[in-house]
Amino acid sequence: MLSFLALLLTCHVAHGAEVCYGDLGCFSNIAPFWGLNRPLSALPDAPDVIGTKFYLYTRANPTMALRERLVAGSLSTFSASHFSTARPNMMIIHGFTHSAQHDWVQVMVDELLKKEDANVITVEWSEGAELTGSYEQAVANTRVVGAQVAELVNYMGTYDVSGPESLSGQNFHLIGHSLGAQIAGYAGDILGNLARITALDAAEPYFDGMDAVVRLDPTDARFVDVIHTDGSPFIGTLGMGTNLPIGHVDFYPNNGMYQPGCNDNVVSTVVATGVGLLTDGYDGAEAALACSHLKALDFFTESINSECPFTAYPCDSYDKFTQGFCLSCPSASSCSQIGVRARDHYGARGSMYLMTTDGANGKYCAYHYKVQVTSSSPMAAAAGRIYVTFQGPSGITDSMEVTTDNMALNAGVTYQKTVISPEQIGDVTTVHVRFARSSSLWDIFAAQYYTLNKVTITAGETQTGYRFCAGDSQIRNGETVTLTASGGEC
Ligand SMILES: [Ca+2]
């Protein structure tokens with residue numbers, strides 16, 4: 001295998017070449033744009049082959065039918081449009097096999113314009129990102145599109161309505177999905193003063209392990225926030241996004257590899273892809289094959305105007321996060337919010353974790369709670385599972401397991417977990433604790449009841465704690481005890 005790779009590499013060294021496309025610059029396919037992690041390195045297609053186009057949406061022309069084409073260097077396209085230098089600028093860049101005409105682009109435009117009176121520009125480069133071409137060619141083409149994005153941003157900086165403006169990259173937020181995130185990186189690298197890049201599941205194949213000039217990295221903008229949703233390895237599991245931290249802040253919803261509601265089994269995913277292809281054509285196939293990869297779009301779009309904050313928490317690992325160890329936000333900048341509002345936590349850095357729902361009820365955002373259940377001491381050793389439901393003035397949660405499968409339940413031990421509720425239930429007033437005794441023969445001598453000392457709940461989003469004293473209640477198999485909030489120690 002290695003010798004085969006070496007042969008490939010040798011061939012490409014021998015065929016190393018360069019193309020130049022006027023003001024966009026010259027592009028070669030030798031190192032650093034070639035290497036072990038990119039054994040096939042194509043030269044980018046010419047701009048007229050890629051056919052990149054920029055379309056402006058504003059609150060005055062918010063639909064695809066009313067979008068206005070902007071051309072770098074063409075003053076008339078700007079003066080005839082609704083563009084205004086007084087507004088912030090956002091640019092949406094699609095990835096491999098997509099186009100600026102995909103439904104998700106219009107939905108994202110709608111939400112951005114609902115939130116803010118902005119210039120929202122969509123980048124169309126689908127002819128350079130076609131499935132009928134090769135991924136290797138689309139990867140190469142991202143460099144030309146990145147240079148074209150930078151060219152337009154620079155032109156907008158010098159475009160003059162009523163006097164000198166200095167718009168440039170300072171007031172720009174590029175939002176890129178998959179290969180579009182890498183395009184944003186190239187544009188930011190050229191501009192040097194770009195305000196922000198949001199990477200939505202940035203493409204992994206041919207980028208992971210490459211030099212920072214080849215891929216998105218924190219030097220490409222003053223603030224780079226990354227949402228990872230499909231970060232399992234491409235080889236073996238078909239994960240299309242990078243799992244590596246590549247921004248100032250990297251968000252890993254649900255651990256960033258497999259998303260709730262998506263199939264994480266390669267074989268059944270491939271079967272589902274075939275079924276999708278037969279029933280719904282390409283979109284059906286993609287919905288199965290790229291399910292987790294597309295969730296980054298859903299999370300970002302929902303975050304724009306969501307009442308639910310999409311809070312994310314710094315943690316050493318997702319395992320520790322699910323075990324309830326990381327729901328505290330000791331300072332204002334230690335936690336962040338996934339999506340548009342990540343900018344409100346400019347000082348927050350590093351890897352952040354959060355959980356979401358599977359979106360079955362139309363939204364993904366959820367509220368996090370750390371639940372701690374403490375057994376009495378002394379108590380007879382029990383075995384089984386513990387479930388907790390809690391409620392406040394605005395709602396009640398589902399029943400959620402605090403244990404992990406049937407386990408030994410010993411005296412004076414606290415079992416804890418991070419759980420989520422899709423609804424904000426307000427101050428927690430009541431907790432219901434249920435015990436399911438293990439029916440395993442191995443646990444035949446375990447106590448017939450579990451003895452509960454107290455329950456503590458901490459709401460991550462509000463950083464508020466609630467304590468519920470149980471007075472050493474004995475809970476038998478299948479029974480539930482209901483506790484109300486206590487003021488002091490138990
Ligand atoms: Ca870079």
Side-chain angles (χ1 to χ4, degrees), residues 24 45 47-130 138 141-142 144-159 161 165 167-169 171-184 186-188 190-191 194-198 200 297 300-301 304 340:
L24 296 176
D45 286 324
D48 63 327
V49 173
I50 299 172
T52 307
K53 296 176 187 68
F54 298 95
Y55 295 108
L56 172 73
Y57 296 73
T58 70
R59 284 181 171 177
N61 62 313
T63 64
M64 204 167 289
L66 295 173
R67 68 185 184 179
E68 296 162 341
R69 189 169 167 198
L70 300 177
V71 178
S74 172
L75 188 62
S76 60
T77 62
F78 281 80
S79 51
S81 79
H82 289 86
F83 177 77
S84 165
T85 53
R87 301 192 198 105
N89 301 282
M90 292 147 198
M91 199 180 276
I92 302 170
I93 314 171
H94 68 79
F96 188 47
T97 75
H98 280 206
S99 78
Q101 285 67 249
H102 264 64
D103 290 345
W104 67 262
V105 177
Q106 180 70 54
V107 176
M108 195 180 285
V109 168
D110 290 346
E111 290 298 315
L112 288 170
L113 289 177
K114 187 173 155 191
K115 178 182 173 64
E116 202 166 5
D117 185 14
N119 303 309
V120 180
I121 297 163
T122 64
V123 182
E124 160 63 33
W125 66 287
S126 60
E127 288 169 48
E130 285 175 335
N141 292 345
T142 59
V144 166
V145 182
Q148 291 174 310
V149 168
E151 183 181 55
L152 186 82
V153 173
N154 270 330
Y155 183 70
M156 288 165 76
T158 56
Y159 165 67
V161 212
E165 301 285 347
L167 188 68
S168 195
N171 204 11
F172 256 88
H173 178 188
L174 306 188
I175 302 156
H177 177 234
S178 190
L179 285 183
Q182 304 293 354
I183 289 172
Y186 291 132
I190 294 168
L191 288 163
L194 186 62
R196 181 177 177 188
I197 292 172
T198 296
L200 305 177
L297 299 170
F300 180 82
T301 298
I304 299 168
V340 160

| field | Gap separating the CZ atom of Arg67 from the CE atom of Met64, nearest 0.5 angstrom | value | 5.5 Å
| message | Restricting to side-chain hydrogen bond (donor to acceptor under 3.5 Å, both in side chains), what partner residues turn up for Gln148, sequence neighbours left out? | response | Thr52
| remark: d(Ile93 CD1, Phe54 CZ) to nearest 0.5 Å is 8.0 Å
| Do the side chains of Trp104 and Ile92 get nearer than 4.5 Å, heavy atoms only? | yes
| said: For a quick test of reading the model, state the closest non-hydrogen atom pair linking His94 to Ala129 and the distance between them. | reply: CE1-CB, 4.3 Å
| query | Of the non-hydrogen atoms in Ser99 and Val105, which two are nearest, and what is the gap between them? | reply | O-CG2, 3.7 Å
| With Ser178, which residues qualify under side-chain hydrogen bond (donor to acceptor under 3.5 Å, both in side chains), at least two apart? | His293
| task | Return the set of residues passing side chain to side chain contact (heavy atoms under 4.5 Å, CB included) with Ser81 (not counting sequence neighbours), or none when no residue passes. | result | Leu56, Glu68, Leu70, Phe83
| said: Return the CG to NE2 distance between Leu297 and His177, rounded to the nearest 0.5 Å. | reply: 4.0 Å
| message | Check whether Trp125 reaches the backbone of Ala138 with its side chain - one donor and one acceptor, N or O, closer than 3.5 Å. | response | no
| message | Closer than 3.5 angstrom, by distance alone: can the side chain of Tyr57 be matched with the main-chain N or O of Leu66 as a donor-acceptor pair? | response | no
| query | Should Leu152 and Met91 count as side-chain neighbours, where that means a heavy-atom distance under 4.5 Å? | reply | yes
| said: Going by side chain to side chain contact (heavy atoms under 4.5 Å, CB included), name the residues that satisfy it together with Ser74, two or more places apart in sequence or in a different chain. | reply: Val71, Ser76, Thr77
| task | Examine distances only and state if a side-chain atom of Asn61 and a backbone atom of Thr58 form a donor-acceptor pair shorter than 3.5 Å. | result | yes
| Heavy-atom donor-acceptor pair, Asn141 side chain to Asp45 backbone, under 3.5 Å | yes
| said: Once rounded to the nearest 0.5 Å, what's the spacing between atom CZ of Arg87 and atom NE2 of His82? | reply: 8.5 Å
| query | Should Leu24 and Glu151 count as side-chain neighbours, where that means a heavy-atom distance under 4.5 Å? | reply | yes
| task | Mind checking side chain to side chain contact (heavy atoms under 4.5 Å, CB included) for Thr198 and listing every partner two or more places apart, or none if nothing turns up? | result | His173, Ile175, Arg196, Leu200, Asp225, Phe300
| message | Please check: side-chain N/O of Arg59 versus main-chain N/O of Asn119, any donor-acceptor pairing under 3.5 Å? | response | no
| query | Does Asp110 have any side chain to side chain contact (heavy atoms under 4.5 Å, CB included) partners at least two apart in sequence or in another chain, and if so, which? | reply | Gln106
| task | Could you please spell out the steps behind the side chain to side chain contact (heavy atoms under 4.5 Å, CB included) verdict for Tyr155 and Leu75? | result | CA-CA 9 Å; Tyr155 183 70; Leu75 188 62; 3.6 Å; yes
| message | Quick one about Glu124 and Thr122 (side-chain donor to acceptor, distance below 3.5 Å, no hydrogens or angles considered), yes or no? | response | no
| query | Should Val145 and Val123 count as side-chain neighbours, where that means a heavy-atom distance under 4.5 Å? | reply | yes
| remark: CE of Met90 to CG of Leu113, rounded to nearest 0.5 Å, is 8.5 Å
| field | From Leu174 atom CG to Leu191 atom CG, the distance as rounded to the nearest 0.5 Å | value | 7.5 Å
